[in-house]
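Atoms considered below: every heavy atom in the structure, side chains included; atoms not considered: hydrogens, waters and symmetry mates.
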Amino acid sequence: MTLIIRAARTTDVRAVRDLIDLYTPDGRLLEKNTVTLYEDVQEFVVAESDGVIVGCGALHVIWEDLAEIRTVAVIPELKSQGIGSQILEVLTRRAIEMGIGRLFCLTFETAFFGHHGFVKIDSTPVDPSTFSELLLSGDEGVAEFLELERVKPNTLGNTRMIKTL
């Protein structure tokens with residue numbers, strides 16, 4: 001299998017949508033509107049094998065030194081073959097190139113992210129003035145990062161993890 005990890009294109013959005021839909025019924029990934037995927041396509045990378053999208057992941061900048069790893073997914077029949085790790089490596093390199101110092105994720109996949117240097121956290125790792133600024137964001141992922149009451153049902157059972165780059 002020849003695998004390449006590359007920046008997502010608008011023509012990949014339907015395949016990304018299909019990947020997300022595989023993992024939303026059990027709550028592993030949050031549902032996303034297709035329009036949101038098009039709006040955020042520049043945040044995504046895809047794993048492509050022989051012209052077929054087999055994985056995806058996104059890097060969403062939250063603040064000057066902080067970004068979230070989002071929507072890492074691989075088709076079930078190719079899980080545990082290192083594709084997710086390759087996606088995470090590319091996203092981490094992107095973060096470093098942007099000057100990001102920390103990566104956050106909200107996940108059920110603690111072993112996977114722990115293997116890549118993420119550690120569990122119990123609180124929101126920003127100072128009070130940054131917290132106040134982040135409250136102005138309309139992004140649901142930022143609301144989850146801040147542990148706002150209105151998104152608590154989305155985060156039940158997930159683990160908050162962070163990695164310093």
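Of the inter-residue distances, the one linking Ile20 atom CD1 with Leu29 atom CG reads 6.5 Å to the nearest 0.5 angstrom. The structure places CD1 of Ile96 at 13.5 Å from CZ of Arg94, a figure rounded to the nearest 0.5 Å. A distance of 8.5 Å separates CD1 in Ile69 from NZ in Lys163, rounded to the nearest 0.5 Å. The CD1 atom of Ile75 sits 7.0 Å away from atom CD1 of Ile83, with the distance rounded to the nearest 0.5 Å. Of the inter-residue distances, the one linking Leu106 atom CG with Thr159 atom OG1 reads 8.0 Å to the nearest 0.5 angstrom. Interatomic distance, CD of Glu133 versus CG of Leu135, reported as 9.5 Å (0.5 Å rounding).
With sequence neighbours excluded, no residue forms a side-chain hydrogen bond (donor to acceptor under 3.5 Å, both in side chains) with Arg14. With sequence neighbours excluded, no residue forms a salt bridge (charged side-chain N to carboxylate O under 4.0 Å, His left out) with Asp18. For Pro76, the side chain to side chain contact (heavy atoms under 4.5 Å, CB included) partners two or more places apart in sequence, or in a different chain, are Leu22, Tyr23. Legend: residues meeting side-chain hydrogen bond (donor to acceptor under 3.5 Å, both in side chains) with Asn33, ordered by chain and number and at least two apart, are absent. With sequence neighbours left out, the ring-ring contact (aromatic ring centres under 6.0 Å, His included) criterion links Phe112 to His116. Arg160 pairs by the salt bridge (charged side-chain N to carboxylate O under 4.0 Å, His left out) definition with Glu147, not counting sequence neighbours. Remark: Thr34 engages Arg17 in a side-chain hydrogen bond (donor to acceptor under 3.5 Å, both in side chains) (not counting sequence neighbours).
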Exercise for review: Dump the intermediate steps for side-chain contact (heavy atoms from CB on, under 4.5 Å) on Leu66 and Ile100, then the final yes or no.
Suggested key: CA-CA 6 Å; Leu66 182 66; Ile100 301 295; 5.6 Å; no

Practice item. Determine, stepwise, if the pair Leu88 / Phe118 fulfils side-chain contact (heavy atoms from CB on, under 4.5 Å). Key: CA-CA 11 Å; Leu88 184 57; Phe118 286 76; 4.2 Å; yes

Enumerate, atom names and distances included, each donor-acceptor pair closer than 3.5 Å involving a side-chain atom of residues 40-53, sequence neighbours excluded.
{"residue": "Gln42", "atom": "NE2", "partner": "Glu39", "partner atom": "O", "Å": "3.3"}
{"residue": "Glu43", "atom": "OE1", "partner": "His60", "partner atom": "ND1", "Å": "3.3"}
{"residue": "Glu43", "atom": "OE2", "partner": "His60", "partner atom": "ND1", "Å": "2.7"}
{"residue": "Glu48", "atom": "OE1", "partner": "Arg6", "partner atom": "NE", "Å": "2.7"}
{"residue": "Glu48", "atom": "OE1", "partner": "Arg6", "partner atom": "NH2", "Å": "3.0"}
{"residue": "Ser49", "atom": "OG", "partner": "Thr2", "partner atom": "O", "Å": "3.3"}

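Applying the side chain to side chain donor-acceptor pair (under 3.5 Å) test to every pair with at least one member in residues 95-115, sequence neighbours left out, gives these pairs: Arg28-Glu109, Asp65-Arg102. Sorted by first and then second residue, the side chain to side chain donor-acceptor pair (under 3.5 Å) pairs with a member in residues 69-81 read Glu68-Arg70, Arg70-Asp139; sequence neighbours excluded.
Contact detail for Gly55 and Ile87: the closest heavy-atom pair is C-CD1, 3.7 Å. Of all non-hydrogen atoms in Gly27 and Phe108, the two that sit nearest each other are O-CE1, 3.1 Å. Listed here is the closest heavy atom pair of Pro125 and Ile162: CG-CD1, 3.6 Å. The two atoms that bring Ala95 and Leu59 nearest to each other are N-CD2, 3.7 Å, heavy atoms only.
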